[in-house]
2 protein chains.
Amino acid sequence: MAATRMEPNESRRQALLRAAAEVFFEQGYVATSIDAIIERAGGSKRNIYSEFGNKEGLFAAIVRENSDSALSTLDAGDVEGLDLRATLTVFGRHLMEVYMSPPVVGIYRIAVTEANRFPELVKAFYEQGPGRTTSRLAEVLELARARGDIRAGNSERLAEHFVGMIRDNLHLQVVLGLRPAPSQEEVHEAVGSAVEVFLNGVATPLTPPD
Amino acid sequence: MAATRMEPNESRRQALLRAAAEVFFEQGYVATSIDAIIERAGGSKRNIYSEFGNKEGLFAAIVRENSDSALSTLDAGDVEGLDLRATLTVFGRHLMEVYMSPPVVGIYRIAVTEANRFPELVKAFYEQGPGRTTSRLAEVLELARARGDIRAGNSERLAEHFVGMIRDNLHLQVVLGLRPAPSQEEVHEAVGSAVEVFLNGVATPLTPPD
DNA sequence: CTTGACTGGTAATGGTCATTACCGTACATG
DNA sequence: CATGTACGGTAATGACCATTACCAGTCAAG
């Protein structure tokens with residue numbers, strides 16, 4: 001029915017990972033059956049067991065892959081030479097789009113659920129994803145502070161505030177399946193508003209403190 | 001072993017709900033077995049089936065109970081007569097403490113996971129919890145705007161920004177089991193910083209816009 | 001004491017699932 | 001053409017689980 005033979009294994013592996021990710025993200029770890037994955041990927045269960053060992057190994061491969069591919073930080077080059085407002089806007093839009101994308105929503109859901117079952121994986125997800133992103137933003141804010149664009153403060157904490165505004169109720173609603181991912185216009189609106197509040201919030205005061 | 005007889009049923013019902021909530025929140029819906037619940041609650045499976053019908057009914061009862069008891073909004077009286085800074089501080093601390101509390105973390109986890117399986121329940125959770133809280137804050141901001149304390153803007157969206165800052169990476173880390181709930185001091189620090197940024201962010205400008 | 005509503009304990013039923021085992025086939029190289 | 005390797009399909013094995021059934025004790029009213 002499907003292609004009868006493929007390259008040694010890399011593309012089959014990818015097909016398995018893609019199909020498995022879909023099912024895991026939809027149903028959760030426990031409710032996902034190997035049969036359901038095979039139904040989507042084609043082939044036979046032996047593929048999964050010879051490539052990933054068992055269900056847990058397959059799951060781990062998915063989490064690792066999606067953690068760093070989808071949640072990677074913005075490249076330094078992307079914000080090179082931009083002022084703080086533009087940097088935050090680019091950063092915020094990118095972040096919101098990533099957080100709302102189906103694979104990241106899927107990973108996010110399953111990380112929250114399986115925190116007890118797979119603590120190591122969840123730690124890796126956080127550090128490579130949200131943690132790294134926030135640190136990256138903190139560096140940007142640190143530079144801005146050094147230039148005098150914003151007033152002194154704990155850059156790490158300020159970065160968390162900004163990231164929190166990006167991952168607000170809109171994100172929660174998407175994660176809960178209560179509404180679809182926002183359009184590009186909605187993203188621009190929400191991020192614009194957040195940038196505005198944040199910039200004013202951290203700006204150097206017009207009047208010196210008493 | 002346990003008490004041999006109790007009042008008609010109310011306290012037994014509560015005991016079942018409490019034990020079931022623990023297991024559901026730890027293991028997730030699918031992985032929770034009725035036997036595991038009975039092991040914690042004592043008694044026999046017949047109790048559960050005669051009181052809640054089936055596993056789904058028990059789960060629904062838990063979600064409903066915890067959605068409105070734990071995530072209820074702040075009473076209007078609690079912020080009566082306070083200025084905006086104090087109001088936001090009280091509001092923010094209360095919100096963060098609630099969001100970090102074990103039952104709400106549990107409900108949050110399971111809502112995220114079971115969004116596909118129980119859409120109605122999840123909708124009710126959101127509306128009674130985060131949704132209502134945010135609307136309540138939006139009303140507060142609307143009043144402040146009318147008094148000229150803050151500049152014009154979409155109050156609903158501003159409220160989302162604030163709530164987002166309260167539910168930032170700290171919350172995510174707790175939900176993911178990567179760190180324990182923050183101490184009261186940590187809550188005060190984080191909320192204080194968020195209030196500061198937010199207040200400056202939405203303040204009426206010292207210089208009129210050009 | 002008798003009866004009945006309720007409860008605990010335990011087993012039966014029917015279903016699902018992870019994991020492994022088998023069987024036959026297609027392909028690639030010799 | 002011969003043969004080994006990897007594959008698809010399907011079934012076997014052993015475990016777990018929701019739900020129901022069955023049995024026996026306990027309490028309270030008559």
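Note on naming: letters A, B, ... go to the chains in the order of the sequence lines (proteins, then strands), and numbering restarts at 1 for each one. Just the heavy atoms: all of them, side chains too, but no hydrogens, waters or symmetry mates, feed the values below.
You'll find that the side chain of Ser44(A) is closest to dG8(D), out of dG8(D), dT19(D), dA18(C). Comparing dC7(D), dT19(C), dA18(D) against the side chain of Arg12(A) picks out dC7(D) as the nearest. Out of dC22(C), dT19(D), dT19(C), the shortest distance to the side chain of Arg46(A) is found at dC22(C).
For the pair Leu95(B) and Arg167(B), the minimum side-chain heavy-atom distance is 4.5 Å or more. In this structure the side chain of Phe162(B) never reaches within 4.5 angstrom of the side chain of Asp168(A), judged on heavy atoms. For the pair Phe125(B)/Arg64(B), no side-chain contact is recorded, criterion being any heavy-atom separation below 4.5 Å from C-beta on.
The pair Arg179(A)-Glu186(A) counts as a salt bridge, with a side-chain nitrogen and a carboxylate oxygen less than 4.0 angstrom apart.
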List, with names and distances, any nitrogen or oxygen atoms from the protein found under 3.5 Å away from nitrogen or oxygen atoms belonging to nucleotides 12-14 of chain D.
none

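Of the two residues near DNA chain D, Gly43(A) and Glu56(B), the one whose nearest nucleotide lies more 5' is Gly43(A).
Across the protein-nucleic acid pair, Lys55(B) atom NZ and dG15(C) atom C1' stand 14 Å apart, rounded to whole Å. In this structure, Ile48(A) places its CD1 atom 16 Å from C1' of dA6(D), rounding to the nearest Å. As rounded to whole Å, 14 Å separates atom P of dG8(C) from atom CG of Asp35(B). Protein atom OH of Tyr49(B) is 6 Å distant from nucleotide atom P of dA18(D), rounded to whole Å. Between the OH atom of Tyr29(A) and the P atom of dA18(C) there is a distance of 8 Å, given to the nearest Å. In this structure, CD1 of Ile38(A) is placed 14 Å from P of dC17(C), rounded to the nearest angstrom. The separation between Ile34(B) atom CD1 and dA12(C) atom P is 21 Å, rounded to whole Å. We find that CD of Glu39(A) is positioned 10 Å from P of dC17(C), with the value rounded to whole Å.
A cation-pi arrangement is present between Lys55(A) and Tyr29(A), with the terminal nitrogen or guanidinium carbon under 6.0 Å from the aromatic centre and inside a 45° cone about the axis.
Taking the six-membered ring where tryptophan is involved, the planes of Phe59(A) and Phe24(A) are perpendicular, since the angle between them exceeds 60° and thus also 30°.
Using a 4.0 Å cut-off, some side-chain N or O of Asn47(A) falls inside it from OP1 or OP2 of dG8(D).
Between the side chains of Glu142(B) and Ser155(B), a donor-acceptor pair is found at a separation under 3.5 Å.
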